2 protein chains.
Amino acid sequence: MNIGEVADKSGLPAKTIRYYEDIGLVTPNRSDNGYRQFRDSDLHKLTFLARARTLGFSIEDCRTLMALYEDDSRASADVKSVASQHLERIDQKITQLQSMRDTLSHLVAECAGDNRPDCPILNDLACHHE
Amino acid sequence: MNIGEVADKSGLPAKTIRYYEDIGLVTPNRSDNGYRQFRDSDLHKLTFLARARTLGFSIEDCRTLMALYEDDSRASADVKSVASQHLERIDQKITQLQSMRDTLSHLVAECAGDNRPDCPILNDLACHHE
DNA sequence: CGCAAGCCTTCCTGTGGCAGGAAGGTTGTG
DNA sequence: CACAACCTTCCTGCCACAGGAAGGCTTGCG
């Protein structure tokens, strides 16, 4: 398979696949003409990566997860550890975003949104927050 | 005031303040020795920026908000518009993160986390998601 | 007066995860 | 044989800074 076909099948842009080769996540063969030649196992890896990325794992997490996936003697505890830490980071992010959301939605609700200059949003921003 | 003092008072790192000058968000004077000289109005701007950044506004949003803040004939509708769009982006992000969270927490809960290789998390990643 | 500590300066590189695009080679079709 | 549709490498840019090198200024102490 050429890169276009694996791009279609994996759902990843060709650019991304080249990048993943650059950083050593996949290592396709090369044809005589220099084109990348992907095996089924490469496509499999790429769909694995695509799925892990949609779940928000970092590239380094993906690298770790791939290594665990390919290690038949892995301990599921190691996988769970990576996923748990990621889950924790996600929770932190959600908490932080919800805090922003709460403040912002209050301010937006209070703002008249007309053509007068008085604005609670700007008042909040300009007020000295410690 | 030198940069160290405004850094302390605004809560922003000196690096960040220099960067904000680079991109034209603040324009402090210079002393004879080349040091940046910040007025009270500069400090005021920087605390405004710090607050806007903690609410998650992008630098470009901050630029717009600052311009509106300094425009006495602004319409609060313009401010509200910027804030509403930002709020919408935050909501989208939260939704997306919660979707990740739901999937991940399911998987983590199902994973035994022992020293056997069988792992629902890896099974999910490796299974062909369209 | 010399010297060290603690400020300040500019400039360069790196981060994460690619996207965009230039310049050129290859392959398939009418 | 022209042309489109692939493919290649290489370079730059994104965002919002952080880290650090190399050097100038200032202040206080012995």
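Convention: sequence-line order gives letters A, B, ...; per-chain numbering from 1. Bear in mind the structure is a predicted one, so any value in this text is a computation, not a measurement. The analysis underlying the following values was restricted to heavy atoms, covering all of them including side chains, and did not include hydrogens, waters or symmetry mates.
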For atom CG of L25(A) and atom C1' of dG17(C), their distance in whole Å: 11 Å
Short N-O contact, R63(A) and E70(A), less than 4.0 angstrom: no
Phosphate contact (dT10(C) OP1 or OP2) by R36(B) side-chain N/O below 4.0 Å: yes
Test: R39(B) and D42(B) ion pair at under 4.0 Å: yes
Length of the CG-C1' vector between D32(A) and dT8(D), whole Å: 15 Å
Linked, directly or transitively: F48(B) and L43(B) (ILVMFWY side chains, under 4.5 Å): yes
Plane angle bin for F57(A) and H86(A) - parallel if under 30°, tilted between 30 and 60°, otherwise perpendicular: tilted
same_hphob_cluster(Y35(A), I3(A)) at 4.5 Å side-chain heavy-atom cutoff: no
Reading 5' to 3' through nucleotides 11-17 of chain D, protein heavy-atom contacts under 4.0 Å coded B for base, S for sugar-phosphate only, - for none: -----BB
In one Ile/Leu/Val/Met/Phe/Trp/Tyr side-chain cluster, 4.5 Å: M100(B), L49(A): yes
Euclidean distance, atom CD of residue Q37(B) to atom C1' of dT9(C) [Å, nearest integer]: 14 Å
d(CE, M1(B); P, dC7(C)) in whole Å: 17 Å
dT9(D) OP1/OP2 closer than 4.0 Å to side-chain N/O of R30(A): yes
Sugar-phosphate, base or nothing in reach of I3(A), heavy atoms under 4.0 Å: sugar-phosphate
Cationic N near anionic O, under 4.0 Å, D118(A) to R116(A): no
Inter-axis angle, terminal five-pair segments of the helix from dC1(C)-dG30(D) to dG30(C)-dC1(D) [nearest 10°]: 30°
Minimal non-hydrogen separation, E110(B) against P120(B), with atom names: O-CG, 3.5 Å
Atom-to-atom span, CD of E5(B) to C1' of dC7(C) - whole angstrom: 13 Å
R18(A) side chain near dT9(D) phosphate (N/O to OP1/OP2, under 4.0 Å): no
SB check R89(B) D61(B) (cutoff 4.0 Å): yes
Between C1' of dT9(C) and CD1 of I17(B), the distance in whole Å: 15 Å
Nearest-angstrom distance from the residue atom CZ of F38(A) to P of dC6(D): 16 Å
Any N33(A) side-chain N or O less than 4.0 Å from OP1/OP2 of dC7(D): no
Nucleotide of dC6(D), dT9(C), dT9(D) approaching Y35(A) most closely (side-chain heavy atoms): dC6(D)
Rounded distance (Å) that lies between atom C1' of dT9(D) and atom CG of D22(A): 10 Å
